[in-house]
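Presented below is the structure to which this report refers.
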Amino acid sequence: MRFLLAVIVIAASGWSGYWFIGQSGLNRGFAAWFESRRADGWVAEASDITVQGFPNRFDTGFTDLVLADPETGLAWEAEFFQILALSYQPNHLIAVWPDQQLIATPQEKFLVESEDMRASLRIAPDTRLAPERATLTAEFLQITPEARPDEATALTSLTLAAERQQETEYRLGLSAEGLTLAAPWQARLDPQGRLPRQISGLHADLTVRFDRVWDRSAVEDARPQPTEIKVKLADAKWGQLHLQAAGEVTVTPEGWPEGEITLKARNWRDMLRIAAETGAVPESMLGTLENGFSLMAQMSGNPETLDVPLTFRNGRIQLGPIPIGPAPVLRLR
């Protein structure tokens, strides 16, 4: 019995020592990270950093957190932020955001409000801290420009997922339900008010290859840049309109996409009519486009469904045979 008691006491003392060493290491590590960011010219402040959870958890809490990167012009403020981990599995983290936070871009500031925004993150057990798998969820998410409080965009629910497939290849997923656009965007995309107030669903499943691994250097130095994007399926439903997309593009070092995405549009005539109402398609071309797309739809076997390639080439976009305009530059700041 004495031997068993001695073993228990030694084990408890050893575990306690491990926890307090871990707590001290986390405190020093975060303090050094904040100091390093400030040395790089960042604003990196927190009024308090605590590590609690003895004996089985390392729960790190940040109070009055402010991070601002002068190179990108991006900044984030949160009243509190938590990183939770089991002490026996420290590379599996849970991040918890407050109900309100502020995100600033070079253009303007946005108030982000949500219920139960949190993320699960599994990272490689080394000093690079490269994410292997991550899932972020939020309920009743609302994003409001600080200067225009009546122009909020809202979501009933949001799920984002990422999983590292190979060294620099990641599978990404998006599921967004109940998207309500800000009033100016709603008026711009649906000037006649033909569509419901909410976009019922947005879903995407794609694989993206980057020029290097996402790890701690992506925050401290520069973001990895996409080199190849494969869209397995993107799906959007807005009232009677249903749009799907699949295909792949490569991305040049300058950020120009090159390749083809196939669009499948159900009730495409309504989409074309709305595009004309918004000015995206000149009224003078409406009849010609409708006749051309009608022929393409009939060739596919269903006159209400249009399959058409969206081609990216030489910095331009083309929908079927029709030039659309300049392609977006796919560069992460």
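Taking 4.5 Å as the limit, some side-chain heavy atom of P184 sits within range of a side-chain heavy atom of E151. Inter-residue side-chain proximity for E45 and R38 is flagged as met; some heavy-atom pair is nearer than 4.5 Å. Counting heavy atoms from C-beta on, the side chains of R273 and R194 come closer than 4.5 Å. A heavy-atom distance below 4.5 Å is found between the side chains of K264 and T305. Considering only heavy atoms from C-beta on, W238 comes within 4.5 Å of L189 through its side chain. No side-chain heavy atom of D215 sits under 4.5 Å from any side-chain heavy atom of L129. When side chains are defined from C-beta on, S114 does not count as touching Q142, because their heavy atoms never get closer than 4.5 Å. Two residues are said to be in side-chain contact when any heavy atoms from C-beta on lie closer than 4.5 Å; H92 and L86 fail this criterion.
Judged purely by distance below 3.5 Å, without hydrogens or angles, the side chains of R266 and Q244 pair a donor atom with an acceptor atom. In summary, the side chains of E254 and T252 do present a donor paired with an acceptor at a separation below 3.5 Å, with no hydrogens or angles considered.
Looking at W256, its side chain never comes within 3.5 Å of a backbone N or O of N314 through a donor-acceptor pair. Between the R223 side chain and the A218 main chain, a donor and an acceptor come within less than 3.5 Å of each other. Using a distance-only test at 3.5 Å, with no hydrogens or angles considered, no donor-acceptor pair links the side chain of R122 to the main chain of E132. The closest donor-acceptor contact from the side chain of N91 to the backbone of I123 lies under 3.5 Å. Remark: the backbone N or O of Q186 is not paired with any side-chain donor or acceptor of D190 at under 3.5 angstrom. Of the possible donor and acceptor atoms, one in the side chain of D126 sits under 3.5 Å from a partner among the backbone N and O of R128. Judged by distance alone, the side chain of R313 and the main-chain N or O of P257 form no donor-acceptor pair under 3.5 Å. Remark: the backbone N or O of Q225 is paired with a side-chain donor or acceptor of D211 at under 3.5 angstrom.
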Going through the distances and angles, do T180 and W185 end up as a side chain to side chain contact (heavy atoms under 4.5 Å, CB included)? CA-CA 10 Å; T180 302; W185 278 102; over 6 Å; no

Side chain to side chain contact (heavy atoms under 4.5 Å, CB included) between M271 and I274, intermediate numbers included: CA-CA 5 Å; M271 295 184 189; I274 290 172; 5.9 Å; no

Apply side chain to side chain contact (heavy atoms under 4.5 Å, CB included) to T278 and R188, showing your working. CA-CA 6 Å; T278 62; R188 188 177 305 172; 5.6 Å; no

Show the numbers, then the answer: is there a side chain to side chain contact (heavy atoms under 4.5 Å, CB included) between F312 and E258? CA-CA 5 Å; F312 300 86; E258 296 277 341; 5.6 Å; no

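Between P303 and R269, the closest heavy-atom pair is O-NH1, 3.1 Å. Annotation for P55 and S87: closest pair O-OG, 3.3 Å, computed over non-hydrogen atoms. The two residues E167 and V213 make their nearest non-hydrogen contact at O-CG2, 3.1 Å. Taking every heavy atom of both residues into account, V251 and I229 meet most closely at CG2-CD1, 4.3 Å. The nearest pair of heavy atoms linking L263 to L319 is CD1-CD1, 3.9 Å. Closest non-hydrogen pair, S24 versus R28, comes out as OG-NH1, 2.6 Å.
For the atom pair CG (L195) and CG (D270), the distance works out to 8.0 Å, reported to the nearest 0.5 Å. How far CG of L93 is from CD1 of I83: 6.5 Å, rounded to the nearest 0.5 Å. Atom-to-atom distance recorded for R57:CZ and Q23:CD is 14.5 Å, nearest 0.5 angstrom. Remark: R171 CZ to Q166 CD distance equals 13.5 Å, nearest 0.5 Å. Once rounded to the nearest 0.5 Å, the distance linking CD of E248 with CD of E260 reads 10.5 Å. Summarising the geometry, atom OG1 belonging to T227 is positioned 8.5 Å from atom CZ belonging to F210; distances are rounded to the nearest 0.5 Å.
In the hydrophobic clustering of ILVMFWY residues, with side-chain heavy atoms under 4.5 Å counting as a link, I103 and W42 come out together. F54 and I94 end up in different hydrophobic clusters when Ile, Leu, Val, Met, Phe, Trp and Tyr side chains are linked at under 4.5 Å. Cluster membership for F140 and I199, using ILVMFWY side-chain heavy atoms within less than 4.5 angstrom, is not shared. Hydrophobic cluster membership is shared by L174 and L332, with clusters built from Ile, Leu, Val, Met, Phe, Trp and Tyr side chains linked at under 4.5 angstrom. Hydrophobic clustering (ILVMFWY, side-chain heavy atoms < 4.5 Å, transitive): I317 and V249 are in one cluster.
A side chain to side chain contact (heavy atoms under 4.5 Å, CB included) with L158 is found for exactly one of T137, L179, L141, namely L141.
Using bins of under 30°, 30° to 60° and over 60° for the plane-to-plane angle, the ring pair F62/F34 lands in the parallel bin.
Counting non-hydrogen atoms of other residues, nucleotides and ligands closer than 6.0 Å to CH2 of W33 gives a total above 12. The neighbour count for E113 CD, taken as heavy atoms of other residues, nucleotides or ligands under 6.0 Å away, is above 12.
With salt bridges taken as basic N to acidic carboxylate O contacts below 4.0 Å, none links E71 and R333.
Its side chain outside the 4.5 Å cluster rule for every partner, F80 clusters with none of the Ile, Leu, Val, Met, Phe, Trp and Tyr residues.
Residues passing the side-chain contact (heavy atoms from CB on, under 4.5 Å) test with L74, sequence neighbours excluded: T72, T105, P106. Here S47 pairs with T63, D64 under the side-chain contact (heavy atoms from CB on, under 4.5 Å) rule; sequence neighbours left out.
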